[in-house]
Every structure is written in C-alpha cells, then in structure tokens.
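Read through the structure below, which is laid out as structure tokens, and then see the notes.
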Amino acid sequence: MTTTPSGRGVGLGMPQLPAPAYPDDVRARLETDAREIVARYPDSRSALLPLLHLVQAEEGHVTRTGMRFCADVLGLSTAEVTAVATFYSMYRRRPSGDYQVGVCTNTLCAVMGGDAIFEELQEHLGVGNGETTDDGKVTLEHIECNAACDFAPVVMVNWEFFDNQDPQSAKRLVDDLRAGRPVAPTRGAPLCTFKETARILAGFPDEREGAVDATGSAGPASLAGLKLAKGEAAPARVVHPRGEASRDTPPHDPSPAEHLSSHDAPQDTSASDPAHPSPTTARDGEDPPRPSGFAGPTAEEGE
C-alpha cells in the first residue's frame, strides 16, 4: 500500500499469500472423511459440495484453508473452489454462531408477519442481517422461501422448522438458544449446532440418540392437495374472517396432531405489524384497510 499526495491509499495489486494448511492431525482426519465422500461419485469433482460442508463442519465457516484443502483433494484450482463456495449462501464465509436463525421474508411470510419478526429480532439481539451476537451463539439473517408457506411466518434454526411464529415467540426462541435451554423444532429432527448440521449435510450419519427416528409430516395444510388428487376429499371447512365467530359452527380447537397452518386457523401473526394490516382482514362488503394519509377513492367511489 502506498499513498498519493492527497493521502489516499492506493493498492499495488500484490497477490494474497497462499492459505495456510491444516495442522497435520486435522488434515489426516479430514482426508479420511474426504476419501469416503469422494468414493460416492463417479467423477471426483462432483464431491465438491459435500466437501465444502465437511470443512465448514470443522471451523463453522468455509475458510481459505478449507478451500485449499478441497482443491488439493479434488485436483482443482483454488479459483474453481472459491467460485462455488461464494455462489451458495449455505456456505458461510466468516465466523458465525452456533445457531443460524433465519427469518423468511419472502412474500407470504412477510405478509403474515415475517418482516415484523425480523425487525424485532434485530433490535432484541442488537445485530443486523448476517451478524452474530457477542456470545457467539446466534447469527441472524433473513432468508428466502423455504417451501413452508403453509405455516407462515416461518423461522428456521440450522435449517430446522419453527412454524407459525410471531415476534414474541421468536424472541423467546433466541433467548432459549442463548441460554442453552432445550429447544424443539416444530417438526423434524432435534436441533443440533451448526457444525453438527454441516457434517450431516456432508453425508455423514447423525449419531445422536433418537435423531434418525425423529420425523415430522408436512401437516394437513400441505397435504390437502394430495388428498384431493387421490379422491380423498375431506368435508369442506369454512374459515371465517379473522375475529368473526361462526354463526352456525361451534368453535374448533385443533389438536396438536393436526398441526394446522396459520391459513387453516387464523393466528395473530398476520396482525403482528398493526401499522400495516393485511387487506385480507377486511369484512365482506367493506373496503380493505388503507394506509394512513391515503387519499385515493374507495371501490364504491370509483376512480
């Protein structure tokens, strides 16, 4: 680095030094695992993605040393490995927490309260998107659709589902994670650390007792279309507008086994941002809520 007369720094374009290698004992252990991974594929370079998960399981993120290891094992250039590691967001490029807490802010989750959850978690944890709490426990990020729209808004922790969340439940969740209290996903396998998750994604068995036997169905909301396709149509179920009681149907308290989504049984989550209510909360014959200060015509007034 040199400076101009104005004092501004000018890079001289010096190449970055090669990444250091793993210690001998670590490299020997990783090479044993790497050989098992590579043996699964007819073409060794096809093993790159699981190998990146393997090195991520070692340090919690993909380091330059990890990419050098992958390149050496597969006979690739570090540039080829870097191109892949930087393309996929599932590979972390900097140190992160034991628990990756992702809030879906894609369209449906956002409308149902995902944006409000993400904003409140940022304030509650004192971190921004992609940042980690000082204790190294939680990394917060907004994520794209995780194919769980039936249970929006969804929060994921190390890729395990926490369905039908609201700001308060999400804050309790991260508080429990930071305090080391047991946390159970809505469905699927028990929660584990991010490093453990990365090793499982590399293709190695989950050795925790009972983890393999754990399962979770998609729930009635997700399976309704499949049942209709099979001719197993269930009786029609009318969902009344939010806050309006049924005139002729007794209230229904779903059992935990039903695992209804927020669309089957309206939750408070879509009202988690009172300043931006969903237009779907309007009663029949009424105009949907309009933002404060909106001066446009109603449907009856015309344009």
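What's counted below: heavy atoms across the whole structure, side chains too, no hydrogens, waters or symmetry copies.
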Partners passing side chain to side chain donor-acceptor pair (under 3.5 Å) against Glu160 (at least two apart in sequence or in another chain):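 Partners of Glu160 under the side chain to side chain donor-acceptor pair (under 3.5 Å) test: none.
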Could you list the residues that satisfy side chain to side chain donor-acceptor pair (under 3.5 Å) with Thr197, not counting sequence neighbours?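 Result, side chain to side chain donor-acceptor pair (under 3.5 Å) vs Thr197: none returned.
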If we ignore angles and hydrogens, is there a donor and acceptor under 3.5 Å between the side chains of Asn129 and Glu141?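 Judged by distance alone, the side chains do not pair up.
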Does [Y] offer a backbone N or O that forms a donor-acceptor pair with the side chain of [X] under 3.5 Å?
| X | Y | answer |
| --- | --- | --- |
| Thr133 | Val138 | yes |
| Glu59 | Gln56 | no |
| Asp166 | Gly114 | no |
| Asp163 | Phe161 | no |

Considering only heavy atoms from C-beta outward, does the side chain of [X] approach that of [Y] to under 4.5 Å?
| X | Y | answer |
| --- | --- | --- |
| Phe162 | Met156 | no |
| Arg93 | His61 | no |
| Val55 | Tyr22 | yes |
| Gln100 | Arg92 | yes |
| Val183 | Val157 | no |
| Arg199 | Asp33 | yes |
| Thr139 | Val101 | no |
| Val84 | Tyr88 | yes |

Give the intermediate values and the outcome of side-chain contact (heavy atoms from CB on, under 4.5 Å) for residues Leu76 and Cys70. CA-CA 8 Å; Leu76 302 174; Cys70 293; over 6 Å; no
Rounded to the nearest 0.5 Å, what's the gap from [atom1] on [X] to [atom2] on [Y]? Could you check?
| X | Y | atom1 | atom2 | value |
| --- | --- | --- | --- | --- |
| Phe118 | His142 | CZ | NE2 | 5.5 Å |
| Glu196 | Leu191 | CD | CG | 9.0 Å |
| Tyr99 | Leu140 | OH | CG | 16.0 Å |
| Leu48 | Leu54 | CG | CG | 11.5 Å |
| Cys149 | Asn106 | SG | CG | 7.5 Å |
| Arg181 | Arg172 | CZ | CZ | 11.5 Å |

Around [X], counting heavy atoms of other residues, nucleotides and ligands shown, do more than 12 lie under 6.0 Å from its [atom1]?
| X | atom1 | answer |
| --- | --- | --- |
| Asp135 | CG | yes |
| Asp134 | CG | no |
| Lys137 | NZ | no |

Which heavy atom in [X] sits nearest to a heavy atom in [Y], and how many Å separate them?
| X | Y | result |
| --- | --- | --- |
| Pro18 | Arg64 | C-NH2, 3.5 Å |
| Ile117 | Pro153 | CD1-CG, 3.8 Å |
| Val62 | Ala85 | CG1-CB, 4.3 Å |
| Ala110 | Thr105 | CB-O, 3.7 Å |
| Cys109 | Ala152 | SG-CB, 3.6 Å |
| Asn158 | Cys192 | ND2-O, 2.7 Å |

Does Arg40 count as lying over the ring of Phe204, i.e. NZ or CZ under 6.0 Å from the six-ring centre, within 45 degrees of the axis?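 So Arg40 does make the cation-pi contact.
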Would Asp43 and Ser46 satisfy side-chain hydrogen bond (donor to acceptor under 3.5 Å, both in side chains), going step by step from the backbone distance to the final call? CA-CA 6 Å; Asp43 184 347; Ser46 299; 4.7 Å; no
Cluster overlap Ile200 with Phe194, hydrophobic side-chain contacts below 4.5 Å: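 Ile200 and Phe194: separate clusters.
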Is there a salt bridge (charged side-chain N to carboxylate O under 4.0 Å, His left out) between Glu58 and Arg27 once you walk through the steps? CA-CA 11 Å; Glu58 184 66 29; Arg27 183 178 180 88; over 6 Å; no
Is a salt bridge present between Glu131 and Arg94, judged by a nitrogen-to-oxygen distance below 4.0 Å?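 So Glu131 does not pair with Arg94 through a salt bridge.
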Would you confirm whether the ring centroid of His53 sits within less than 6.0 angstrom of the ring centroid of Tyr91?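 Between Tyr91 and His53, the centre distance is under 6.0 Å.
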Of Ile37, Leu30, Val38, which meets side chain to side chain contact (heavy atoms under 4.5 Å, CB included) against Val73?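 Answer to the side chain to side chain contact (heavy atoms under 4.5 Å, CB included) test with Val73 among Ile37, Leu30, Val38: Val38.
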